[in-house]
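Worksheet: one structure, shown below.
Just so we're on the same page: letters track the sequence lines, and every chain starts at 1. None of the values given here were measured: they were computed from a predicted structure.
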Amino acid sequence: MNKDQTAMPLEHASSGDGVSLPDAPQAIRPTVFVRERLPGVMLPVTGVIVFIVLWWFAIRFFHIKPYIAPSPDAVAATLFNKRWILLQNLWPTAVEAICGFLLGNGMAIVVATVFVHSRTLERAFFPIMVLLNSVPVVAKAPILVLLLGNGLAPKIGIAAIVCFFPTLVNMARGLESVNPQALELMHVLSATRGEVFTRLRLPTAVPYLFSALKVAASTSVVGAIVGEWIGSQYGIGALIIQATYNFDSRLLYATVICGSVLSVLFFSIIRTAERVCARRYETRER
Amino acid sequence: MSGLKPAIAFEQVGVRFSRGGRDVVALENASFEVPESGFMTLLGPSGCGKSTLLRIVADIIRPSSGKVSILGETSAEARRARNIGFVFQDAALLPWLTVIDNVRLPLQIGRSDRREGRHTAEELLALVGLAGREQDFPHELSGGMRQRVSIARALLQEPRILLMDEPFGALDEITRDRLNDVLLHIWRETETTVLFVTHSIQEAAYLGQSVMVLAARPGRVREIVPVELQGPRSSSTRELPAFIKLCGQLRRILETC
């Protein structure tokens, strides 16, 4: 996107001296399109199309049975025919992922803030958090289901847990990475801890926070789906399990695509928010 | 200008700390006085405790021994009364604030009744030659301009003591000479007391009313050399025989450090 914005004036400038002005825009457009728009958008789209065609050919050529793997057109048909079932199950997963995302990251920000202000608490509790983080999600999930029952709560809990640790580490590093001379300046100004935090540490940490939130956006969806694998009646995760047990490969693939779309959508929202904020908070100095 | 009571007085001040189990002496038995509205430059090899000395005045570092008096008070009292302005080696501007907001930062910290001194933030920016750049962000400025913004920020509340830690160290010589003149102009106008750390013999001789030479390992005051140059400084000052002689004298003292 940025590329054509910068390329357009250049094209205008180079043709401006020789060609008469009114003709110039029409003459330029195709070259800009071929040089800028095509590699930027068309190449990935072409890649996807090639992939789908290869997939389609592989299914036909090797005579793969529909219960092993479906052809892309069958998946597309299922996406359309079962759109209401898919949407019905996508909705709770999205809610779980979003709630887990907010809860997990919110807690991570709070804990990072506490750690930055108390070395003692950090030394006491950081190791146990590393330990808990090293337990695989699939192992944590049954424990939470036992603890929190079978409703939304355990799924939100799992989504929150997978978001928590990466954000904690990044946020703590961001809060620590302040310019030491700016910290001394705050001291000379007799700033309180709270002022140092809001005026200096928090803005410094914003870029670090966003790189963690982007990771958390996709992992929160993974967490919610894994949570639904264990004795759930609804959601993308439950639908995946159901489709697998019924050898319904078309529904399985359609469900997986829905889950990915949710993940990508969530990631894009965070990235857009990051771009808006980065204009203000990115540390361009140094 | 009373000239009687010193703005800064050090009496047998020492700083030691342990690093990796070893006792390190950063500063030993430093005793000196800077009169009010005086301009003293600090010159010495790295590790001689110049920055440490400045940070003691600003109450960033607590001395382990000796007595420090700033404007007749303790350094902490002087700091809390906003009587100390500090200009750092790196401009230490906040990259997410505009130039004018960076200058006004001291008003955002602490009690809400904090006010500008004689000059507003805009006037100070004009004084350092940055009128019209108020709404720019730090990354849009050159190194010299950023340092001028940080000087304006340090001057905002009219501190009676201005501490400068190699503020022009990273700049080219032409920019540095020009900013030296800007600084002297500000000093004459505000009548603030300046303590200025530098690596450059020429800069130390040009700016100071006196030059404190420090020796390293352990950091200590080697000698305080009064600067006796007639009239206000200008580019021709650097060609005066007295100036050249002074630089030679400072160089010889430094060689024995």
Are any of the side-chain heavy atoms of A:Leu185 and B:Arg153 separated by less than 4.5 Å?
-> yes
Answer yes or no: are there more than 12 heavy-atom neighbours, outside B:Glu173 itself, under 6.0 Å from its atom CD?
-> no
Is it the side chain or the backbone of A:Leu200 that comes within 4.5 Å of chain B heavy atoms, both, or neither?
-> both
Is there side-chain contact between B:Leu93 and A:Gln181, with at least one heavy-atom pair below 4.5 Å?
-> no
Given a strict heavy-atom distance threshold of 4.5 Å, which part of A:Glu184 is in contact with chain B: side chain, backbone, both, or neither?
-> both
Distance, nearest 0.5 Å, that separates OG1 of A:Thr198 from CD of B:Gln108 = 10.5 Å
Would you mind reporting whether A:Thr204 and B:Trp96 have side-chain heavy atoms less than 4.5 Å apart?
-> yes
Flag if over 12 foreign heavy atoms under 6.0 Å of CZ, A:Phe125 = no
For A:Val188, the option from B:Asp59, B:Leu163, B:Ile60, B:Ile109 that meets side-chain contact (heavy atoms from CB on, under 4.5 Å) | B:Ile60
What one should report as the nearest heavy-atom pair of A:Ala182 and B:Ala92 is N-CB, 3.9 Å
If you measure from CG on A:Leu189 to CG on B:Leu105, what distance do you get to the nearest 0.5 Å?
-> 6.0 Å
Between the side chains of A:Ser190 and B:Arg79, does any donor sit under 3.5 Å from an acceptor?
-> yes
